Asks: 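Okay, here's the structure, questions in a sec.
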Amino acid sequence: MPSNDARNLLRIAVPTAVAGAIAVAVSAAVAGGKGALGAAVGTVLAVLFMGVGLLVLQWTAKTLPQLFQAMGLMLYMAQLLLLLIFVAVFKDTSLFNAKTFALSLVVATVVWMAAQARAHMKAKIFYVDPDSSKSEKAEKTGPKQ
C-alpha cells in the first residue's frame, strides 16, 4: 500500500477507534459488561467492513479504473448483505447487548464516513497528471527562436 493510502487509512481509522472506545465506555456504564461487549463488537465490525471496503476500492481505482463505480456499488451491497447475515446469526444471542451493538455500529460508521470525507477534502490530489517526459524535452531543447 502506498504511503498516501496508509496515511489516509490512519486518518480515518483513528477517529473511528476513539469514537468506538467512547461508545464502549458509555455502554459499560449504562448496560454493564454485555453492553460494553456489544459496543466493542459493533465498532470492530464497522471498522473491519469499512476498512476492507476502502482497501478494495483503492485497489480497484489503481488497477481497473473503468470498474470503479460498479465495484463501489457491488461492495456496498456486499457489506449490507454480510451485515444482514451477521445480525441474523446473532439475533437471539445473549453474548452481548443488541442495542449497544447497533448503536455503536451506526456511530462508528458515521464517524468513519465523516473522517473519510475530511481526509479526502484535505488530500492534495492533482487534477491533471503532469507528464514529466514532455517537460524534460522542453528543458533540453530550450525555447524555439
Side-chain angles (χ1 to χ4, degrees), residues 1-140:
M1 175 186 314
S3 64
N4 191 31
D5 295 341
R7 195 175 314 120
N8 278 341
L9 186 60
L10 185 66
R11 289 180 184 156
I12 297 167
V14 168
T16 307
V18 169
I22 292 170
V24 168
V26 169
S27 297
V30 172
K34 289 189 179 192
L37 184 60
V41 169
T43 301
V44 167
L45 198 63
V47 169
L48 182 69
F49 278 16
M50 301 300 273
V52 168
L54 181 64
L55 294 175
V56 167
L57 283 178
Q58 286 175 345
W59 176 82
T60 302
K62 287 182 177 77
T63 58
L64 303 166
Q66 68 275 15
L67 296 178
F68 183 71
Q69 186 175 10
M71 183 63 90
L73 292 171
M74 189 201 68
L75 184 66
Y76 178 68
M77 291 303 297
Q79 286 174 336
L80 287 177
L81 182 63
L82 287 171
L83 184 60
L84 180 69
I85 290 169
F86 183 88
V87 170
V89 167
F90 288 100
K91 70 178 178 181
D92 294 326
T93 188
S94 60
L95 292 174
F96 54 81
N97 187 325
K99 289 182 182 180
T100 60
F101 164 75
L103 188 60
S104 68
L105 182 70
V106 169
V107 166
T109 302
V110 168
V111 169
W112 180 282
M113 289 188 301
Q116 189 173 9
R118 184 178 187 278
H120 182 70
M121 296 294 285
K122 295 285 185 177
K124 294 180 178 21
I125 301 171
F126 288 120
Y127 290 102
V128 178
D129 206 8
D131 188 10
S132 62
S133 63
K134 288 183 182 177
S135 63
E136 287 177 13
K137 287 180 185 177
E139 288 176 6
K140 288 180 183 177

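Predicted model, so just to flag it, every value in this text is computed and none were measured.
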Asks: Is there a side-chain contact between Leu54 and Gln116, using heavy atoms and a 4.5 Å cut-off?
Replies: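 They are in contact (side-chain heavy atoms under 4.5 Å apart), so the answer is yes.
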Asks: Under the side chain to side chain contact (heavy atoms under 4.5 Å, CB included) rule, collect the residues that match up with Val44, sequence neighbours excluded.
Replies: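 Result, side chain to side chain contact (heavy atoms under 4.5 Å, CB included) vs Val44: none returned.
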Asks: What's the separation between atom NZ in Lys62 and atom CG in Leu57, rounded to the nearest 0.5 Å?
Replies: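 Rounded to the nearest 0.5 Å, the NZ-CG separation comes out at 11.0 Å.
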Asks: Could you grab the distance from atom CE of Met74 to atom CD of Gln79, nearest 0.5 Å is fine?
Replies: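 With rounding to 0.5 Å, CE (Met74) is 10.0 Å from CD (Gln79).
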Asks: CD of Gln66: more than 12 outside heavy atoms within 6.0 angstrom?
Replies: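 Counting other residues, nucleotides and ligands, CD of Gln66 exceeds 12 neighbours.
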Asks: Going by the ring pair (Phe, Tyr, Trp, His ring centres under 6.0 Å) test, which pairs reach into residues 66-98, not counting sequence neighbours?
Replies: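 Sorted result for residues 66-98: Phe86-Phe90, Phe86-Phe101, Phe96-Phe101.
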Asks: For the pair Leu75 and Thr60, evaluate side-chain contact (heavy atoms from CB on, under 4.5 Å) and give the outcome as yes or no after the intermediate values.
Replies: CA-CA 11 Å; Leu75 184 66; Thr60 302; over 6 Å; no
Asks: Listed by chain and number, what are the side chain to side chain contact (heavy atoms under 4.5 Å, CB included) partners of Ala28, not counting sequence neighbours?
Replies: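 Expected list: Ala36.
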Asks: What pair of heavy atoms forms the shortest contact from Gly35 to Asn97, and how long is it?
Replies: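 Of all heavy-atom pairs spanning Gly35 and Asn97, the closest is CA-CB, 3.7 Å.
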Asks: Roughly how far apart are Leu37 CG and Thr93 OG1, rounded to 0.5 Å?
Replies: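 Reported to 0.5 Å precision, the distance equals 9.0 Å.
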Asks: Could you pull out all donor-acceptor pairs under 3.5 Å where a side-chain atom in residues 14-27 meets a protein atom, sequence neighbours excluded?
Replies:
from, atom 1, to, atom 2, distance (Å)
Thr16, OG1, Ile12, O, 3.0
Ser27, OG, Ala23, O, 2.8

Asks: Evaluate the side-chain proximity of Leu95 to Val41: yes if any heavy-atom separation is below 4.5 Å, no if none is.
Replies: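 Counting from C-beta outward, Val41 and Leu95 never come under 4.5 Å.
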Asks: Once side chain to side chain contact (heavy atoms under 4.5 Å, CB included) is applied, do any residues pair with Ile85, and if so which ones, sequence neighbours excluded?
Replies: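 Once residues adjacent in sequence are excluded, the partners of Ile85 under the side chain to side chain contact (heavy atoms under 4.5 Å, CB included) criterion are Leu81, Val89.
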Asks: Check Ala115 against Arg11 and note the closest heavy-atom contact, atom names and distance.
Replies: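 Residues Ala115 and Arg11, closest heavy atoms: CB-O, 4.0 Å.
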Asks: What is the minimum heavy-atom distance between Ala119 and Asn8, and which atoms define it?
Replies: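 What the structure gives for the nearest pair is CB-OD1, 4.1 Å.
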Asks: Could you state the interatomic distance from CZ (Phe49) to CG (Leu82), rounded to the nearest 0.5 Å?
Replies: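 CG of Leu82 is found 4.5 Å from CZ of Phe49.
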Asks: How far does CE of Met77 sit from CG of Leu80, to the nearest 0.5 angstrom?
Replies: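 Answer rounded to 0.5 Å: 6.0 Å.
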